[in-house]
Structures are given as structure tokens and as C-alpha cells.
2 protein chains.
Amino acid sequence: MSDQIKTFRQHNHDNCVESAMHAAQDICDAQHLKLTPARQRVLEILLESHTALGAYDILERLSNEGGKAQPPVVYRALDFLVGNGLAHKIEQLNAFVACVHSHKDHNPAFMICKKCKRVAETEIPNVPTALNQHAMDSGFVIEQTIIEARGICPSCNETAK
Amino acid sequence: MSDQIKTFRQHNHDNCVESAMHAAQDICDAQHLKLTPARQRVLEILLESHTALGAYDILERLSNEGGKAQPPVVYRALDFLVGNGLAHKIEQLNAFVACVHSHKDHNPAFMICKKCKRVAETEIPNVPTALNQHAMDSGFVIEQTIIEARGICPSCNETAK
DNA sequence: CGTTGATATGTTATATTATATCACATACGA
DNA sequence: TCGTATGTGATATAATATAACATATCAACG
């Protein structure tokens, strides 16, 4: 597999996942909350995906790891995470994202291949100037910015041509 | 209503909707396809929203305009639009977007209030440099970029404080 | 220790909502 | 008058979420 394709398929997020997990652990310790294995694993899954996931997406990933989890397992973990500010629910999507409050300066950008649906992730150093300007003009307070680019990934570009 | 809030609620897209509708009409004329009122209206709704909409989102907006439309009305129009390249289905979301091929240089940006869920739209002149760079490095061909900023809109910011 | 009570988990079944299609009657235009 | 588009009611399919109850874990207390 070429470097390009490998890059497209999986961006290494170990660092930021790990630091976020530590931050979460600290928050729980401070508030006498238990970040149990199930909750930990769901949070990790959210952090790894680095985008909004449906409850059943999470369930599927959990189930790939051995025992087949049931829906309530995921919903309970999500209740805990959302209830304690470690994750958010995006109502419009019925999906959940890990809270990245601990590193607000992180602006993920996704490149989504419209052929194979794979998603590559990268990040950009700061909110685009024009958007920032518009937000300030209108009084909107930006907490997180997500950029989605739709297009064709390198491998699909080759084969489909 | 203050200018700020008005700005937040509705950004005027008449120009780009209109030009896209003309382009669609031209395409249909050239291929002897009929852009009937129903199809026209669904395409307009997609263009106005300028983001992916579920079939029932479209249905709701159609129904607000007089006679209450039924699901097949929307699905038929969408079949036509997708079948003829005037719109795309985002399988991952079960949602539909108008094809904006005719104005590739348009990069919408959305500011979504996480309290009231209202969405303001603006646009930025070009794809953020860092993302563009990364795409080029990996061989990804960007067709459209959508930026979503989550945060708090001016009116929620006042009341919730 | 051992018991108890609070919290977390395992598991089956099912409720709720969103998404999509069927089937048939009617209209309209080439 | 045939092909295509629309109106409309009913229903199928899939995604999302919860109810209910049994079991497990673990810390606090006597």
C-alpha cells in the first residue's frame, strides 16, 4: 500500500486520543466519577473516530472487540459521558461526539471520499479568517469548527479513471 | 429584530440559487427532461438550505407551502434530480444535496447554534490553505468544502447568561 | 470479616421515530 | 391514446432508543 493511501486511510491520532483520555480521567477523579472500562472504551471510540457517531456505530465497533454488546451498554455509557460533559449529543444527527474542550484549539478537517466513503482526517491550525470575521461581526461565539471536504480519494481516482 | 439576529437567521442566497436553477433548467432543456414544478421546488429547497436535507425535511418544507405533500412526491422528485445529476444522495446520512457543480468555487460555511439549533450561513472565498495543502499532499481531489462552526448564537448568548 | 446499599453491567424484549416504497386513481401533454 | 407525471392512502423497512429485570461489583459500616 502506498504512503498516500495509507495516509488517506488512517491518520495517527494516538497522541490526541491519549491526552484526551488522560484529561477525562482527571475530570472523573476530581469529581469522584468512575470512568469504568465500558465508558472508557466508548469515549476512546468517539475520540478515535474524531467525528460524530451514531449509537449503533459505536455499538458495532464495541462488538468487534469480543463479546457482543447490547444497545443499553452504549446508551448508558453515552448518558454518563454526555451528562458529565465528556461528550456531546448532536441532536440534528442523533449522533455523539467526544468533547474536545480540553483542546479547543483543535480544528479537525475531514476529507470524505464520495466514492468509497472513507474518511481521512487532518487538522488546520486556526479558524479560517473569513469565517472568524463573520462570526465576530454577528456576535456568534465559535466553540468548535469542523471542516468537511467532499471529493475523490487517490485510490478511487486511479481506478475510476 | 436586530440586524445581528436577522443576519444570523438568514443569509441571502437568492443569487446563487437563481443561477443554479437556471443552470438546471438549461441541463434539462438540453436533454429533453422536464423540470416540472414539483422537481423545481424540491431543487430550490435543496439549494436554499445549502446543506444536506433528509427526505422528510424536504417534505415538511413543501407542506408548509399549501397542500400537504406526501412522501412519494418528494422521493419521485429526488429520484429525478439524483438520476439526472442535479442532486446527490449522501448515503451515510440518508440525505440529499443539490449538486453545485456549476459553481465549484462556492464554499459555504455554517454557524450552528448548539442551543437553539438555528443555522446561519456565510461563505468563505477559498479552501483553507492548510487543508488544501494536505489534500494535495495526499492526492485527494476536493470538490466541495463545507465548514461547520458549532457555538452559541448572539440571542442565546444573551438570554442564557 | 460479613452484610448492606448504591452503582454498574448483562441481557431480552420492545417502543419510537425516521426513512422509503407500494398500489392505484387521476391528470396532462405529445 | 399512450407515456409520463402527480395525488393520495396505506404500509414496509431500518435506525434510534428505552423498559424491565437479573446479576455483579465495590465501598462503607457494624
Side-chain angles (χ1 to χ4, degrees), chain A residues 24-25 27-46 49 51-84 86-97 117, chain B residues 24-25 27-46 49 51-84 86-97 117:
Chain A
Q25 189 58 259
I27 290 170
C28 290
D29 287 350
Q31 302 184 249
H32 303 290
L33 301 169
K34 294 182 195 173
L35 193 59
T36 62
R39 294 163 178 178
Q40 218 171 69
R41 197 60 203 102
V42 169
L43 181 56
E44 272 173 11
I45 287 172
L46 283 178
S49 91
T51 182
L53 292 179
Y56 280 67
D57 292 331
I58 297 169
L59 184 59
E60 192 180 339
R61 299 180 196 211
L62 264 184
S63 296
N64 286 342
E65 298 174 3
K68 34 200 152 187
Q70 299 296 323
V73 172
V74 171
Y75 283 104
R76 284 169 188 156
L78 288 171
D79 279 350
F80 173 86
L81 294 172
V82 171
N84 294 292
L86 299 172
H88 298 298
K89 177 171 185 177
I90 312 292
E91 296 288 347
Q92 291 177 335
L93 299 175
N94 291 322
F96 302 83
V97 286
K117 314 258 177 64
Chain B
Q25 189 59 259
I27 289 170
C28 289
D29 288 350
Q31 301 184 249
H32 303 291
L33 301 169
K34 295 182 194 174
L35 193 58
T36 62
R39 294 163 177 176
Q40 217 171 67
R41 197 61 203 102
V42 168
L43 181 56
E44 272 173 11
I45 287 171
L46 283 178
S49 91
T51 182
L53 292 179
Y56 280 68
D57 293 330
I58 297 169
L59 183 59
E60 192 180 341
R61 298 180 198 212
L62 264 184
S63 296
N64 287 341
E65 298 174 2
K68 32 202 152 187
Q70 299 293 324
V73 172
V74 171
Y75 283 104
R76 284 168 189 159
L78 287 171
D79 280 350
F80 173 86
L81 295 172
V82 172
N84 294 292
L86 298 172
H88 299 298
K89 177 170 185 177
I90 312 291
E91 296 287 349
Q92 291 177 335
L93 297 176
N94 292 322
F96 302 83
V97 286
K117 315 257 177 64

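Below, chains carry the letters A, B, ... as their sequence lines are ordered, and counting in each starts from 1.
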Engineer: Rounding to an integer number of Å, can you tell me how far B/Ile58 CD1 sits from C/dT19 P?
Structural biologist: 10 Å
Engineer: On DNA chain C, check which nucleotide each of A/Pro71 and A/Phe80 is closest to and give me the residue with the more 5' one.
Structural biologist: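 The residue mapped nearer the 5' terminus is A/Phe80.
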Engineer: Could you check whether A/Arg39 gets within reach of a base, just the sugar-phosphate, or nothing at all, counting any heavy atom under 4.0 Å?
Structural biologist: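 Sugar-phosphate only.
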Engineer: So, does the side chain of B/Tyr56 form a donor-acceptor pair with the base of C/dA20 at under 3.5 Å?
Structural biologist: yes
Engineer: Send over the distance from A/Leu59 CG to D/dA14 C1', rounded to a whole Å.
Structural biologist: 15 Å
Engineer: With rounding to the nearest 0.5 Å, note down the distance linking CZ in B/Phe96 to CG in B/Asp57.
Structural biologist: 11.0 Å
Engineer: Working to the nearest 0.5 angstrom, can you tell me the gap between A/Gln70 CD and A/Ser63 OG?
Structural biologist: 7.5 Å
Engineer: Roughly how many Å is it from CG in B/Leu78 to P in C/dT19, rounded to a whole number?
Structural biologist: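 So the CG-P distance, B/Leu78 to C/dT19, works out to 12 Å.
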Engineer: How long is the span from the CD1 atom in A/Ile45 to the CG atom in A/Leu62, to the nearest 0.5 Å?
Structural biologist: 4.0 Å
Engineer: In whole Å, what is the span from the CD atom of A/Gln70 to the C1' atom of D/dA19?
Structural biologist: 14 Å
Engineer: Of the options C/dG10, C/dA20, D/dA17, whose atoms approach the side-chain atoms of A/Lys89 most closely?
Structural biologist: D/dA17
Engineer: Given atom OH of B/Tyr75 and atom P of D/dA14, what is their separation to the nearest angstrom?
Structural biologist: 13 Å
Engineer: Judged by each residue's nearest nucleotide on DNA chain C, which is more toward the 5′ side, B/Ala95 or B/Lys34?
Structural biologist: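 With B/Lys34 and B/Ala95 compared, the 5'-side residue is B/Ala95.
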Engineer: Starting at atom NE2 of B/His32, determine the distance to atom P of C/dA30, rounded to an integer number of angstrom.
Structural biologist: 13 Å
Engineer: Need to verify one output field. Residue with the more 5' nearest nucleotide on DNA chain D, B/Pro37 or A/Asp79?
Structural biologist: B/Pro37
Engineer: Quick check for you: to the nearest 0.5 Å, what is the distance between B/Cys28 atom SG and B/Leu33 atom CG?
Structural biologist: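 The CG atom of B/Leu33 is 5.0 Å from SG of B/Cys28, to the nearest 0.5 Å.
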Engineer: What's the CG-C1' distance between A/Asn94 and C/dT17, to the nearest Å?
Structural biologist: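 After rounding, the reported distance stands at 9 Å.
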Engineer: What is the separation between atom CZ on B/Phe96 and atom P on C/dA18, rounded to the nearest whole Å?
Structural biologist: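 Distance check: B/Phe96 CZ to C/dA18 P gives 16 Å.
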Engineer: To the nearest 0.5 Å, tell me how far B/Asp29 CG sits from B/Lys34 NZ.
Structural biologist: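 One finds 12.5 Å between CG of B/Asp29 and NZ of B/Lys34.
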